[in-house]
Amino acid sequence: MKSLFTTWSRISLVKRIIVGLILGIILGLTLPNASWIATFGILFVNALKSVAPILVLVLVISAIANHKTGTKTNMKTILVLYLVATFAAGTVAVIASFLFPTTLTLKTGAEDVSPPEGIAEIFTNLLFNIVSNPVDALINANYLGILAWALLIGVALKSASESTKTITLNLSDAILKIVKWIIEFAPIGIMGLVFDTISTSGLGVLKEYGRLLAILLG
């Protein structure tokens, strides 16, 4: 069993994900009533959601606390790439929404949700998110609050002892290792997600994804 797991781990992650995708399609067509298979996909997504806020908090704290004054960083490049990628993602989403119009069926109770009344309310909500309780920000994945607290804690730790800074590095390495463990289960998670999609929506849903992918790559 151990040798089998070792052999499986040596295969590239992309190839393993492709295998998981194919298995998900096959199981969705042959065993559509085996709903327990979809649980793997839910567990994988929830694991990523749960570790992401902690990862951002710890990495930002460690990076700021251990930054040496005068050391060259690529922060400008990162910010530019972030802005370009965000704009590109938004543009693609808008174009795709016009090419593939979708009708959304909202759950009961959605009528209670009201849109912001103006720019002032939007900025007020942003400010409230920034000064949110750190525990509440982690629980609700409020990344504005997480980043704000990470920046403050990181700056405060810049004057800490080297042993304390080393702890932040070790903690960030530990969280990264946990993320790596979760990613190792990506093929099984993808299998569960694809199974759930195929068993509920049928094989025809792949045609829509294929058309969208062809347009984006073309």
Side-chain angles (χ1 to χ4, degrees), residues 1-59 85 89-90 92-113 135-143 146 173-218:
M1 180 64 69
K2 184 177 180 180
S3 60
L4 180 62
F5 180 77
T6 303
T7 303
W8 170 255
S9 300
R10 289 176 180 174
I11 303 174
S12 68
L13 182 61
V14 175
K15 293 180 180 179
R16 282 183 282 160
I17 289 177
I18 293 175
V19 172
L21 191 150
I22 295 174
L23 285 176
I25 295 175
I26 294 174
L27 293 174
L29 293 174
T30 57
L31 301 171
N33 294 324
S35 58
W36 59 270
I37 299 177
T39 305
F40 293 115
I42 298 174
L43 289 174
F44 177 68
V45 172
N46 287 344
L48 288 176
K49 288 182 178 179
S50 64
V51 77
I54 301 176
L55 177 67
V56 171
L57 177 69
V58 173
L59 287 182
V92 171
V94 172
I95 295 175
S97 67
F98 282 103
L99 293 176
F100 306 97
T102 303
T103 301
L104 297 177
T105 302
L106 300 178
K107 296 181 179 180
T108 304
E111 60 271 8
D112 297 333
V113 179
V135 177
D136 180 75
L138 286 171
I139 293 175
N140 296 300
N142 172 16
Y143 287 98
I146 292 171
D173 290 339
I175 300 298
L176 286 173
K177 184 174 291 186
I178 293 175
V179 172
K180 184 179 179 180
W181 290 343
I182 295 174
I183 295 300
E184 287 296 322
F185 287 94
I188 300 176
I190 295 298
M191 179 192 70
L193 293 173
V194 172
F195 167 83
D196 184 47
T197 301
I198 297 299
S199 61
T200 55
S201 302
L203 196 61
V205 71
L206 294 180
K207 296 181 181 179
E208 297 297 326
Y209 288 135
R211 288 173 54 196
L212 176 59
L213 184 62
I215 292 175
L216 295 178
L217 296 179

Worksheet item: Is there a side-chain contact between I54 and I146, using heavy atoms and a 4.5 Å cut-off?
Response: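 Of all side-chain heavy-atom pairs linking I146 with I54, none is under 4.5 Å.
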Fill in: Which residues share a side chain to side chain contact (heavy atoms under 4.5 Å, CB included) with L55, sequence neighbours left out
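With neighbours one apart ignored, the set is L59, I175, L176, V179.
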Worksheet item: Got a sec, which residues hit side chain to side chain contact (heavy atoms under 4.5 Å, CB included) with F185, two or more places apart in sequence or on another chain?
Response: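 For F185, the residues satisfying side chain to side chain contact (heavy atoms under 4.5 Å, CB included) (neighbours in sequence not counted) are I188.
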Worksheet item: At what distance, to the nearest 0.5 angstrom, does CD1 of I190 lie from CD1 of I22?
Response: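 One gets 13.0 Å once the value is rounded to the nearest 0.5 Å.
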Worksheet entry | Distance (rounded to the nearest 0.5 Å) between I178 CD1 and I183 CD1 |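 I178 CD1 to I183 CD1: 12.5 Å, rounded to 0.5 Å.
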Closest heavy-atom pair and its distance - [X], [Y]:
| X | Y | answer |
| --- | --- | --- |
| V194 | G24 | CG1-C, 3.8 Å |
| Y143 | A52 | OH-CB, 3.3 Å |
| I11 | R16 | O-NE, 3.0 Å |

Contacts under 3.5 angstrom, residues 27-46 side chains, donor-acceptor by atom type, not counting sequence neighbours:
residue, atom, partner, partner atom, Å
T30, OG1, I26, O, 2.7
T39, OG1, W36, O, 3.1
N46, ND2, I42, O, 3.3

Worksheet item: Can you name the side-chain hydrogen bond (donor to acceptor under 3.5 Å, both in side chains) partners of N140, sequence neighbours left out?
Response: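 So N140 forms a side-chain hydrogen bond (donor to acceptor under 3.5 Å, both in side chains) with D136.
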